[in-house]
Novice: 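I am attaching a structure below and will ask some questions about it afterwards.
Scope of the values below: all heavy atoms of this structure, side chains included, with no hydrogens, waters or symmetry mates. Indexing begins at 1, ligand by ligand and atom by atom, following the structure's order.
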Amino acid sequence: MALYLKRAGHRVTIFERFEEPKPVGSGLILQPTGLTVLADLGLLDDMVALGARIDRLHGADASTGRTVLEVRYDARRGRRFGLAVHRAALFGVLFRAVRREAIAIETGVEIETVEAGERATVIFGEGRRAGPFDLVIDASGSRSKLRQCAGNAGVPRPLAYGAFWASLGWREGFDEHALLQRYDRASVMIGVLPIGRPDAGAGKMAAFFWSLKPADADAVRSLGLDAWKEKVVRLWPRSEAFTSQIDSFEQLSLARYGHHTMKLPMGRRLAVIGDAAHSTSPQLGQGANMALLDAAALSHALARADSVEAALETYAKARRWHVRVFQALSLSLTPFYQSDSLTLPFVRDRMVAALARIPPGPQFLAAMVAGTVVDPFKRIGLAELQWPEVG
Ligand SMILES: Cc1cc2nc3c(=O)[nH]c(=O)nc-3n(C[C@H](O)[C@H](O)[C@H](O)COP(=O)(O)OP(=O)(O)OC[C@H]3O[C@@H](n4cnc5c(N)ncnc54)[C@H](O)[C@@H]3O)c2cc1C
């Protein structure tokens, strides 16, 4: 967002609560939507140089080995792909661009609230203030405090399942261009995602994940690492290539997911973007991509409107349907993959497998994963990127 605004001639300051700007977490998939925004910002080549091209998502039942999910990006349109990246790689590409454009960053400051009148002032923990600004953009993630200032924020609902995640060394013998998953009903999902390199000098890595209820994490830890690894390897013997790299629970970060969607991602002199406006489980892999689309939409609206107020209205309208549809899809599909239900995975194993084979099923699944079931581009003035050849 800061890059778009600076390039449009605005004076921009980024406020970040961490002392040092740094990435958090493991890897994620940049979908055709997010990649289009990065191309628009001129950052696609830098990102592609570090990431892993993902052509398909493949899921199988752990006990029978039967394929129950197969989604190919190119089922929809030639040469489309996802790009799985280490979070440090995405962070590095964006951070270097911010530095090149000499955008001001203040770190170690936690914004508590925003006071808005003719212009807006941000207020930090110790009562310190900054501003006034024409516009404050809340990009502070799913636990945003600022969105309360919009007056229609709602409270995120915690989801039952989360996951242990780790970034590990890549191992040969796995498909370098696929997200691979193994399921035991919907209570266990094990995944391996190639994520390329965190930076140009590093080796190739994988994100490894194991779904579990955060409430059960302590019980799992108390049984010991070996017991957990044994369970994982019993369900997916080849995953030992990754579990053997884990020596302590410290290497596994516990991710918790919550779901909320703001009715209107805006308030007076305040725009809310990314997870602050809409968060969900990463089942469909859309969150970071939606944040990038929000940024592109807001900058497009600001460039064309006569006033900040009009731009905020345009931004909210432009993103409304895409956000609502994907939040609804994510909320309804997550329990098929992460829940205690016995019925939902039974239905999943039969229906999704069939849908993946019979047209237009493959095309629909490809559009869902790509983030294009609802056209996200037209209303925000973007055209989908021309897909490059990527090895
Ligand atoms: C395990 C996991 C896997 C995922 N996989 C995918 C995937 O494959 N594809 C995908 O698109 N998405 C994925 N996501 C979702 C994705 O990570 C989020 O949607 C995305 O990071 C949201 O970006 P954001 O900029 O809105 O918020 P964040 O990334 O949360 O960034 C918020 C920033 O604001 C700072 N901040 C917070 N509060 C304050 C404050 N009060 N004052 C100052 N600074 C503050 C934080 O320190 C942070 O730097 C995944 C998420 C998880 C947890």
Novice: Mark yes or no: R238 above the aromatic ring of F174, with NZ or CZ under 6.0 Å from the six-membered ring centre and no more than 45 degrees from the axis.
Specialist: yes
Novice: N/O to N/O below 3.5 Å, does that happen between E16 and ligand 1?
Specialist: yes
Novice: Quick one: do the Y161 and D216 side chains pair a donor with an acceptor below 3.5 Å?
Specialist: no
Novice: What are the atoms of ligand 1, with element, lying closer than 4.0 Å to any heavy atom of L28?
Specialist: 5 (N), 6 (C), 7 (C), 8 (O), 9 (N)
Novice: If you measure every N or O of F18 against every N or O of ligand 1, does any of those distances drop under 3.5 Å?
Specialist: no
Novice: Can you find a pair of side-chain heavy atoms, one from F208 and one from T243, that are under 4.5 Å apart?
Specialist: yes
Novice: Would you kindly say whether Y337 and Q181 are connected by a side-chain donor-acceptor distance under 3.5 Å?
Specialist: no
Novice: Taking atom types as modelled, is there a side-chain donor on Y183 or D349 under 3.5 Å from an acceptor on the other?
Specialist: no
Novice: Is a donor from one side chain sitting under 3.5 angstrom from an acceptor on the other, for Q327 and T280?
Specialist: no
Novice: Using distance alone, decide if ligand 1 has a nitrogen or oxygen within less than 3.5 Å of any nitrogen or oxygen in R17.
Specialist: yes
Novice: Just distances here: any N/O of G285 and N/O of ligand 1 closer than 3.5 Å?
Specialist: yes
Novice: Which option out of S144, A207, P282, G141 puts a heavy atom nearest to atom 4 (C) of ligand 1?
Specialist: P282
Novice: Answer yes or no: does an N/O atom from S142 fall short of 3.5 Å to an N/O atom of ligand 1?
Specialist: no
Novice: In terms of atom number and element, which parts of ligand 1 are under 4.0 angstrom from non-hydrogen atoms of G287?
Specialist: 10 (C), 11 (O), 12 (N), 19 (O)
Novice: Going by the order shown, which atoms of ligand 1 are within less than 4.0 Å of some heavy atom of A139?
Specialist: 32 (C), 33 (C), 34 (O)
Novice: Would one find an N or O of I111, backbone or side chain, under 3.5 Å from an N or O of ligand 1?
Specialist: yes
Novice: Centroid separation under 6.0 Å, is that true for the rings of W165 and F209?
Specialist: yes
Novice: Would V109 count as a contact of ligand 1 if the rule is a heavy atom under 4.0 Å away?
Specialist: yes
Novice: In this structure, does ligand 1 have an atom that sits under 4.0 Å from one of the heavy atoms of Q286?
Specialist: yes
Novice: Could you say whether the N/O atoms of A291 and ligand 1 ever approach to under 3.5 Å?
Specialist: no
Novice: Could you check whether H58 and R182, counting side-chain N and O atoms only, form a donor-acceptor pair closer than 3.5 Å?
Specialist: no
Novice: Side chain or backbone of R87 under 4.0 Å from ligand 1, or both, or neither, by non-hydrogen atoms?
Specialist: side chain
Novice: Using a heavy-atom cut-off of under 4.0 Å, does the side chain or the backbone of W165 touch ligand 1, or both, or neither?
Specialist: side chain
Novice: Check this for me: does any side-chain nitrogen of one of D74 and R79 sit under 4.0 Å from a carboxylate oxygen of the other?
Specialist: no
Novice: Would you check if there is a donor-acceptor pair between the side chains of T372 and R80 at a distance under 3.5 Å?
Specialist: yes
Novice: Below 4.0 angstrom from a heavy atom of G274, which ligand 1 atoms are there? Numbered from 1 as shown, please.
Specialist: 26 (O)
